[in-house]
Amino acid sequence: MSGSDQLSAVFSALADPTRRAILAELADRDATVTELTAPLPISMPAVSRHLKALERAGLISRTRSGKLRMSRIEAAPLREAAEWIERYRRFWDTSLTRLDAHLAAVQVAGRATDRTTHGPSTSESPGKPHDKEN
């Protein structure tokens, strides 16, 4: 599978909350279908279908030892997805930093315009004489 097809398969597999829950379990330990089914509100055949989707995406590998079929998380595809996302996080961080700088410059320019338009702030109203008591 090519890199972008692999990435599409990974994101497609990660789009399902049940698959993410299975991956979270497998991040702690290798497990059988029975062990993975226990905390989930779905049947064992449904978990098996999710495991097949995760295996097709390369997110898990499965091994058989006698009657036991163990599932294990595979980190490489997750790392590739995280690296892809990281590029866009840096893009948004840079964009938001530039936006912050622009807004700060607009605010400073707005304050400078207010001072030149309205003059210095005084307690007296312009054009009114100041009453002094003698």
Side-chain angles (χ1 to χ4, degrees):
M1 194 178 300
S2 77
S4 64
D5 289 341
Q6 175 69 27
L7 194 57
S8 295
V10 167
F11 283 123
S12 178
L14 293 174
D16 187 281
T18 300
R19 292 183 194 132
R20 292 191 305 269
I22 290 170
L23 285 174
E25 286 292 320
L26 293 174
D28 292 334
R29 61 183 170 75
D30 296 355
T32 64
V33 175
T34 304
E35 293 167 334
L36 292 168
T37 301
L40 297 171
I42 59 175
S43 68
M44 196 176 298
V47 170
S48 289
R49 286 190 297 274
H50 285 293
L51 289 172
K52 285 177 186 170
L54 290 167
E55 189 174 26
R56 278 191 305 274
L59 292 167
I60 67 166
S61 60
R62 298 172 83 191
T63 58
R64 185 179 296 272
S65 176
K67 287 187 172 189
L68 290 179
R69 185 162 180 141
M70 300 297 287
S71 296
R72 167 187 310 246
I73 195 166
E74 295 295 334
L78 289 171
R79 184 175 41 254
E80 290 167 12
E83 288 169 357
W84 186 87
I85 290 169
E86 178 63 19
R87 284 194 304 259
Y88 291 95
R89 187 194 62 76
R90 286 192 305 265
F91 165 78
W92 282 110
D93 283 350
T94 301
S95 296
L96 293 173
T97 299
R98 286 194 325 251
L99 179 60
D100 283 344
H102 174 71
L103 292 175
V106 168
Q107 288 174 338
V108 167
R111 282 188 222 120
T113 302
D114 286 346
R115 276 187 232 123
T116 59
T117 304
H118 301 294
S121 176
T122 62
S123 60
E124 296 181 26
S125 299
K128 269 187 154 182
H130 184 0
D131 291 332
K132 277 190 174 179
E133 287 187 55
N134 290 335

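Index from 1, following the sequence. Quick caveat, the model's predicted, so the values are computed rather than measured.
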Run the numbers on Glu86 and Arg89 for salt bridge (charged side-chain N to carboxylate O under 4.0 Å, His left out), then give the verdict. CA-CA 5 Å; Glu86 178 63 19; Arg89 187 194 62 76; 2.4 Å; yes
Can you list the steps and then say if Thr97 with Trp92 is a side-chain contact (heavy atoms from CB on, under 4.5 Å)? CA-CA 8 Å; Thr97 299; Trp92 282 110; over 6 Å; no
Working note: Val33 + Arg62, criterion side-chain contact (heavy atoms from CB on, under 4.5 Å); need CA distance, chi angles, decisive distance, verdict. CA-CA 10 Å; Val33 175; Arg62 298 172 83 191; 3.7 Å; yes
Leu40 vs Ile22, side-chain contact (heavy atoms from CB on, under 4.5 Å): CA-CA, chis, key distance, verdict: CA-CA 9 Å; Leu40 297 171; Ile22 290 170; 3.9 Å; yes
If you apply the rule side-chain contact (heavy atoms from CB on, under 4.5 Å), what do you find for Thr63 with Arg69, and how did you get there? CA-CA 6 Å; Thr63 58; Arg69 185 162 180 141; over 6 Å; no
Using distance only, find each side-chain donor-acceptor pair of residues 70-79 under 3.5 Å and give its atom names and separation, not counting sequence neighbours.
unit_1	atom_1	unit_2	atom_2	d
Arg72	NE	Asp30	OD2	3.4
Arg72	NH2	Asp30	OD2	2.8
Glu74	OE2	Ser61	OG	2.6

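Rounding to the nearest 0.5 Å gives a distance of 11.5 Å between CZ of Arg49 and CG of Asp16. For the atom pair Leu54 CG and Leu14 CG, the distance stands at 8.0 Å (nearest 0.5 Å). The structure places CG of Leu36 at 11.5 Å from OG1 of Thr18, a figure rounded to the nearest 0.5 Å. Arg20 contributes atom CZ, which lies 14.5 Å from atom CD of Glu25 (distance to the nearest 0.5 angstrom).
Qualifying salt bridge (charged side-chain N to carboxylate O under 4.0 Å, His left out) partners for Glu83, counting only residues two or more places apart in sequence or in other chains: none.
Taken together through direct or relayed side-chain contacts under 4.5 Å among Ile, Leu, Val, Met, Phe, Trp and Tyr, Ile60 and Leu68 form parts of separate hydrophobic clusters. Neither Leu96 nor Tyr88 shares a network with the other; the hydrophobic side chains, linked directly or stepwise wherever heavy atoms of I, L, V, M, F, W or Y lie under 4.5 Å apart, form separate groups for each.
Residues Ala31 and Leu26 come closest through the heavy atom pair N-CD2, 3.7 Å.
Side chain of Ser12 to main chain of Ser8: no donor-acceptor pair is present (N/O by atom type, distance under 3.5 Å, no hydrogens or angles). Arg19 places no side-chain N or O within donor-acceptor distance of the main-chain N or O of Leu51, the cut-off being under 3.5 Å. Here the side chain of Gln6 pairs a donor or acceptor atom with the backbone of Ala57 at under 3.5 angstrom.
Within the 4.5 Å cutoff, side-chain heavy atoms of Phe11 are placed close to those of Ile85.
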